[in-house]
Amino acid sequence: MARLRLNADIMSEATMPADLDEVTEAAELAVATGDATTFFAVFRASDMPFLLNLHPPNAHVAVTIASLHAIGERSPGLAFGVSQHMAAMLAFGLADGMLRADASTARVVDTLLEEVFAKRLLVANTTSHAGGDKIGAPGSTITDTESGFVVSGYSTFLSLATEADKLIFLTRGRDGSPVGVVTDLVGNPALKVSDELLFGDHLVLADTRKVNFANLEVSRNSVIGADSQLDIFYLVQLACQNLCVASLYLGGAHRILEETRQFGLRTTLPTGAALATADSFSAALGRLAIEYLGAQHLLRAAAAIVLEIGAAALIEPSAARNRLLRISAVKHQVARVIEDIATECRKLVGTRAFMNGHPVARIGAEVVFAALGPATEKLIERNVGALYLKEI
Ligand SMILES: Cc1cc2nc3c(=O)[nH]c(=O)nc-3n(C[C@H](O)[C@H](O)[C@H](O)COP(=O)(O)OP(=O)(O)OC[C@H]3O[C@@H](n4cnc5c(N)ncnc54)[C@H](O)[C@@H]3O)c2cc1C
């Protein structure tokens, strides 16, 4: 009987991105050296950041999942960084109809995407959360001036911070309403990215840093405000981000499984037989493989829900929220599976998992962010619970 190839559903011929081998080799190099310069040169030269321009929605979603899963196998941190760009591109593709409902919004988006494709740029995004003692507090505000707008304040969370060229961010008007802004991240003295990594010891290659807006001037044609579709676009972006996050960390879990499998095959018991021949080892690995396969099916279900968004030209806020909740629930469940795989494989490999930079411990420490990134596990549970308890 042929060996069970666990990731066959995600990595098929149809979903395999061009230049995959070059990109993943460069990701391995980034992990080995701690320097992602080569990785980003190869990534920018590949099709991966520009799938929106190359594929219809169906294939765009499938190739994005496969790409992030493959980079996540090498480094969840690095994959998280590029997922910021890839999730934004997915959201722009799926929300095209609703973004076109307002002519000035459409102009801002078209200008951004033309520049991204023409110059092969990468886009980061931030919701400008303050991240301090008050949960959900916005860190920045935007003010109307005679010539345009000025943004002041900060955002605690910005990944892909020193590599991206463009920044899309959400800020708040004086009345608290959300406003979207597109700006240059590079060569912009009013936009200061911190020298320090936020998750330095844990998720280095995600390159997450604090960013300050020091009276950042933005022109009127770079701002999306007072557009009823902006709130909905934010929900679509979150849905895409949840799908991307689940895919990339599941890639990490697949690598952990594969490393554990190989450990079992090459390590011998006192009897001289391979560890993998022990019933305890094969049953434990089998249970985790089943969990991984189930998580893949959940991902495919989430991808189908994301595509439903793309199929509708306009979408009601309640329908967008409903779909986001279902995709968040998938992300929640996939994150639990990933954590279980990381914990149990660490036990199967034992202390050797912590020696010589072994991937089981290294990747195991990174995948815990699956439950902490947007949306947080407890918040998803709270939202699903509240909805489930609602009287009809
Ligand atoms: C690795 C990483 C990279 C990131 N990169 C980016 C980025 O590039 N751009 C970006 O915009 N963001 C980024 N984020 C931030 C992300 O968008 C979220 O803001 C962040 O993950 C929220 O985490 P927190 O710990 O601040 O949670 P909080 O929202 O502060 O929650 C803390 C606790 O309070 C609970 N809680 C929160 N709200 C409520 C409520 N209303 N009622 C009851 N309980 C509540 C939560 O469940 C949790 O237990 C990143 C996050 C991570 C982990």
Side-chain angles (χ1 to χ4, degrees), residues 68 71-72 75-89 91 122-140 151 153-172 178-183 185 191 193-194 196-213 233-246 248-249 252 321 324-325 328-329 331-332 335-336 338-339 363 365-387 389:
L68 288 170
I71 302 172
S75 165
L78 200 53
F80 186 91
V82 300
S83 80
Q84 298 300 300
H85 171 94
M86 294 179 83
M89 292 300 124
L122 297 183
V123 177
N125 61 78
T126 180
T127 44
S128 305
H129 279 160
D133 287 348
K134 191 169 177 197
I135 288 172
S140 72
V151 183
Y154 63 94
S155 172
T156 297
F157 304 96
L158 176 66
S159 300
L160 201 65
T162 54
E163 188 58 38
D165 311 276
K166 289 275 177 185
L167 173 64
I168 315 170
F169 66 96
L170 265 188
T171 181
R172 300 266 159 191
V179 178
V181 179
V182 177
T183 189
L185 195 46
L191 210 152
V193 172
S194 166
E196 278 172 37
L197 286 165
L198 205 62
F199 306 122
D201 293 337
H202 308 282
L203 209 62
V204 176
L205 294 175
D207 199 18
T208 310
R209 296 167 195 258
K210 188 171 172 176
V211 58
N212 275 291
F213 308 111
F233 177 69
Y234 176 52
L235 299 178
V236 175
Q237 152 73 20
L238 269 180
C240 293
Q241 183 64 32
N242 272 269
L243 178 67
C244 288
V245 161
L248 72 94
Y249 287 112
R321 269 192 289 276
L324 174 60
L325 196 69
S328 305
K331 201 267 305 190
H332 176 286
R336 289 240 150 181
I338 293 167
E339 282 184 10
I363 295 179
E366 297 192 16
V367 295
V368 295
F369 279 92
L372 305 181
T376 58
E377 181 182 89
K378 291 294 160 237
L379 217 49
I380 298 170
E381 289 170 1
R382 176 179 177 267
N383 291 343
V384 172
L387 208 63
L389 288 166

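Every number for a ligand or one of its atoms is a count from 1 in the order of the listing.
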* Asked: Of the backbone atoms (N, CA, C, O) and the side-chain heavy atoms from C-beta on, which set of Q84 has a member under 4.0 Å from an atom of ligand 1: side chain, backbone, both, or neither?
  -> side chain
* Using non-hydrogen atoms of the residue, decide whether G136 is closer than 4.0 angstrom to ligand 1. => no
* Looking at atom 48 (C) of ligand 1, is any protein heavy atom nearer than 4.0 Å to it? -> no
* Should the pair R336-E377 be classified as a salt bridge under the 4.0 Å nitrogen-to-oxygen rule? -> yes
* To do: Would you check the N or O atoms of R382, main chain and side chain alike, for any that come under 3.5 Å of an N or O of ligand 1?
  => yes
* **Shortest protein contact, atom 17 (O) of ligand 1 (heavy atom only)** => P374 CG, 3.8 Å
* If only atom types and distance count, is the side chain of R209 paired as donor or acceptor with the main-chain N or O of S194 below 3.5 Å? -> yes
* Structure fact -> Note: heavy atom closest to atom 2 (C) of ligand 1, options F157, F199, F169, belongs to F199
* Can any side-chain N or O of T171 pair as donor or acceptor with the backbone N or O of V179 at less than 3.5 Å? -> no
* Smallest separation among heavy atoms of I363 and P76, with atom names -> CG2-CG, 3.7 Å
* To do: Report the nearest protein non-hydrogen atom to atom 9 (N) of ligand 1: residue, atom name, distance rounded to 0.1 Å.
  => N125 O, 2.9 Å
* Tell me which protein heavy atom sits closest to atom 22 (C) of ligand 1, plus the residue, atom name and distance to 0.1 Å. => T376 CG2, 3.9 Å
* Asked: atom 35 (C) of ligand 1: which protein heavy atom is closest, and how many Å away?
  -> I135 CD1, 4.3 Å
* Can you name the one residue among N125, I168, L158, V123 that meets side-chain contact (heavy atoms from CB on, under 4.5 Å) with Q84? -> N125
* Does any non-hydrogen side-chain atom of V204 lie less than 4.5 Å from one of F199? -> no
* Structure fact -> min-distance protein heavy atom vs atom 53 (C) of ligand 1 -> F369 CD2, 3.6 Å
* Structure fact -> Note: heavy atom closest to atom 18 (C) of ligand 1, options R209, K378, H129, belongs to H129
* Please determine if K210 forms a cation-pi arrangement with F157, meaning its NZ or CZ atom is less than 6.0 Å from the six-membered ring centre and no more than 45° off the ring axis. => no
* Output yes when a side-chain donor or acceptor of E366 lies under 3.5 Å from a complementary backbone atom of L203, and no otherwise. => no
* Work out which heavy atom in L122 is nearest to a heavy atom in H85; give both atom names and the distance. => CA-ND1, 3.4 Å
* **Among I380, L372, T127, closest by any non-hydrogen atom to atom 23 (O) of ligand 1** => L372
* Around atom 39 (C) of ligand 1, find the nearest protein heavy atom and jot down its residue, atom name and distance. => L379 CD1, 3.3 Å
* **Element-labelled atoms of ligand 1 that are located less than 4.0 Å from some non-hydrogen atom of L203** => 1 (C)
* **atom 11 (O) of ligand 1 touched by protein (heavy atom, under 4.0 Å)** => yes
* Starting from atom 8 (O) of ligand 1, which protein heavy atom do you reach first, and at what distance in Å? -> S159 N, 2.8 Å
* Asked: Checking side-chain contact (heavy atoms from CB on, under 4.5 Å) for the pair K331/V245: CA distance, chi angles, key distance, verdict?
  -> CA-CA 8 Å; K331 201 267 305 190; V245 161; 4.0 Å; yes
